[in-house]
J.: 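Here it is, the structure in full.
Per chain, numbering begins at 1; letters A, B, ... match sequence-line order. Scope of the values below: all heavy atoms of this structure, side chains included, with no hydrogens, waters or symmetry mates. Just so we're clear, the structure is a prediction, and the values are computed from it rather than from any experiment.
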Protein chains: 2
Amino acid sequence: MKNAYRIGEVATRTGCSPESIRHYEKLGLLPTPKRSEQGYRYYDQAALERIGFIRHGRSLGLDLHSIQELLALSDHPDTDCGAADDIATRHLQHLEARIAKLQALAAELRQVVQQCRGGKAADCQIIQTLYDHTLACSERGCG
Amino acid sequence: MKNAYRIGEVATRTGCSPESIRHYEKLGLLPTPKRSEQGYRYYDQAALERIGFIRHGRSLGLDLHSIQELLALSDHPDTDCGAADDIATRHLQHLEARIAKLQALAAELRQVVQQCRGGKAADCQIIQTLYDHTLACSERGCG
DNA sequence: CTAAACCCTGTAATCGTTACAGGGTCAAGC
DNA sequence: GCTTGACCCTGTAACGATTACAGGGTTTAG
């Protein structure tokens, strides 16, 4: 049959492992596919595109739950688009917050690393710093 | 006895939950503490500082394995400090790579969000973009 | 006919933390 | 004494997304 792919070929075409594809199916992001008499899954072009949609969402850092919501919107073309905008905007804010936090961590770690002048562990400023900032840190909420 | 704390008090003093403390012990980051006759764990000041060390490392984003290595260095003051520098530097590079990736994602997502002009899902550019970029994306390795 | 490559299901691992269940201990108040 | 609530114990399972099995069946090429 034309345009009917087994899971392995779908995997190579989409860059998504067979395990993940089966996982998405179990979670309800993919419809249950047709099966051969022996039980092999067979996918059509629409399924390929749906998997591509999921992978692109994942590559943007969206979680599977958000992707599922976006797919549901896509499945109901008459619904309002605002929900999609909400999901994307929320995720963008989440990303920006995470970037800010990681940048703060990197800055602190850069300081720590610069203090190391070699020598023995007993004098190591990296280790000392981890001990020193300890309690103050949880009080300041700098974690 | 003086300076002997039960796990709950250690938790409030360090900002680390009792579950995590027991977890660290099971993983070997904390020595097996003294026990009361009834089996309650009792901790001294040194244990408090060790837990603080772990929490500070975690707040910097270090994984428990790296923290364990740093603790091992700290436990052997005569070993060379270079290993600590390696761990911290490696983690810093890891952080910087993650920041760069997240920034790229945020930039792409910002573009996607801006394309949304409201309306029906059928016309939604967010959903369209997720479909469109799909296959090209995995080929370009932009994930 | 056989070996490799594929597919199936179900389970467990990863990481760090949290949340139970089911039970024991200890203080204060009645 | 007896109860209530706040602790503590152990062991197990959950979270999210993916990977890695085990143990078995199927297809395809040599």
Side-chain angles (χ1 to χ4, degrees), chain A residues 1 4-30 32-43 47 51 53-71 87 91 94-95 98 101-102 105 138 143, chain B residues 1 4-30 32-43 47 51 53-71 91 94-95 98 101 105 138 143:
Chain A
M1 31 175 141
Y5 314 102
R6 289 197 303 197
I7 199 169
E9 190 169 359
V10 176
T12 54
R13 279 173 188 258
T14 60
C16 181
S17 75
E19 290 88 353
S20 292
I21 295 173
R22 286 190 282 257
H23 187 53
Y24 299 156
E25 177 186 336
K26 198 182 302 181
L27 261 51
L29 278 80
L30 294 176
T32 58
K34 288 170 197 149
R35 300 273 192 149
S36 73
E37 291 181 358
Q38 290 74 27
Y40 288 13
R41 290 171 176 82
Y42 274 89
Y43 297 91
I51 292 169
F53 185 105
I54 297 171
R55 295 311 284 181
H56 192 200
R58 287 290 298 137
S59 80
L60 285 172
L62 290 162
D63 58 22
L64 290 179
H65 181 72
S66 299
I67 293 172
Q68 190 161 25
E69 292 179 341
L70 290 171
L71 282 169
I87 292 170
H91 181 59
H94 180 71
L95 274 184
R98 208 140 63 98
K101 179 168 178 180
L102 288 181
L105 295 190
S138 68
Chain B
M1 28 175 145
Y5 314 103
R6 289 197 302 197
I7 199 168
E9 191 169 357
V10 176
T12 54
R13 278 172 189 258
T14 60
C16 180
S17 74
E19 290 87 355
S20 292
I21 296 173
R22 286 191 281 258
H23 187 54
Y24 299 156
E25 177 187 336
K26 197 183 300 181
L27 262 52
L29 278 79
L30 294 176
T32 57
K34 289 171 198 151
R35 301 272 192 148
S36 73
E37 292 181 358
Q38 290 75 25
Y40 289 11
R41 291 172 177 80
Y42 274 89
Y43 297 92
I51 292 170
F53 185 106
I54 297 171
R55 295 310 285 182
H56 191 200
R58 287 291 298 137
S59 80
L60 285 172
L62 290 163
D63 58 21
L64 290 178
H65 181 73
S66 298
I67 293 173
Q68 191 161 25
E69 291 178 342
L70 290 172
L71 282 169
H91 181 59
H94 180 71
L95 274 184
R98 209 140 62 98
K101 179 169 178 179
L105 296 190
S138 69

J.: Is the side chain of A:His91 donor-acceptor paired with the backbone N or O of A:Leu60 at a distance under 3.5 Å, no angle test?
T.: yes
J.: Heavy atoms only, 4.0 Å cut-off, all strands: where does B:Ser36 land among base, sugar-phosphate and nothing?
T.: nothing
J.: For the side chain of B:Glu19, counting heavy atoms from C-beta on, which of C:dA19, C:dC6, C:dT17 is nearest?
T.: C:dA19
J.: Below 4.0 Å from chain A heavy atoms, what is the first contacting nucleotide of DNA chain D and what is the last?
T.: D:dA17 to D:dT27
J.: So how far is it from B:Leu70 CG to B:Phe53 CZ, rounded to the nearest 0.5 Å?
T.: 5.0 Å
J.: Nearest heavy atom decides the nucleotide; on that basis, is B:His65 or B:Gln38 closer to the 5' end of DNA chain C?
T.: B:His65
J.: What distance separates A:Ile7 CD1 from A:Ser17 OG, expressed to the nearest 0.5 Å?
T.: 8.5 Å
J.: Tell me, with the steps shown, if B:Arg13 and B:Tyr43 meet side chain to side chain donor-acceptor pair (under 3.5 Å).
T.: CA-CA 12 Å; B:Arg13 278 172 189 258; B:Tyr43 297 92; over 6 Å; no
J.: Please name all residues satisfying salt bridge (charged side-chain N to carboxylate O under 4.0 Å, His left out) with A:Glu19, sequence neighbours left out, ordered by chain then number.
T.: none
J.: Specify the separation, in whole Å, of atom CD of A:Glu9 and atom C1' of C:dC6.
T.: 12 Å
J.: Using heavy-atom distances to pick each residue's nearest nucleotide on DNA chain D, tell me which of A:Leu27 and A:Tyr40 is more 5'.
T.: A:Leu27
J.: Between C1' on C:dT14 and CG on B:Leu64, what's the gap in Å once rounded to a whole number?
T.: 13 Å
J.: Figure out the NE2/P separation between A:His23 and C:dT11, and round it to whole Å.
T.: 15 Å
J.: Write down the distance between CG (B:Leu60) and C1' (C:dG16), rounded to a whole number of angstrom.
T.: 16 Å
J.: For the pair made of CD1 in B:Ile21 and C1' in C:dT17, what is the distance, rounded to whole Å?
T.: 13 Å
J.: Could you give the CD1-to-P distance, from B:Ile54 to C:dC15, as a whole number of Å?
T.: 16 Å
J.: Whether the side chain of B:Tyr24 and the base of C:dG16 hold a donor-acceptor pair under 3.5 Å is what I'd like checked.
T.: no
J.: So, is B:Ser20 close to the C:dG16 phosphate, meaning a side-chain N or O under 4.0 Å from OP1 or OP2?
T.: no
J.: May I ask you to test the B:Leu27-B:Gln68 pair for a side-chain heavy-atom distance under 4.5 Å?
T.: no
J.: Could you check A:Asp63 against B:Ile7 and say which one's nearest nucleotide on DNA chain D is further toward the 5' end?
T.: B:Ile7
J.: Applying a 4.0 Å non-hydrogen cut-off, can you work out what B:Arg22 is touching in the nucleic acid: base, sugar-phosphate, or nothing?
T.: base
J.: Roughly how many Å is it from CZ in A:Arg41 to P in C:dC7, rounded to a whole number?
T.: 10 Å
J.: For A:Leu62, is there any backbone N or O sitting under 3.5 Å from a side-chain donor or acceptor partner on A:Arg58?
T.: yes
J.: Output the single nucleotide from C:dG16, C:dT25, C:dT18 whose closest atom is nearest the side chain of B:Ser17.
T.: C:dT18
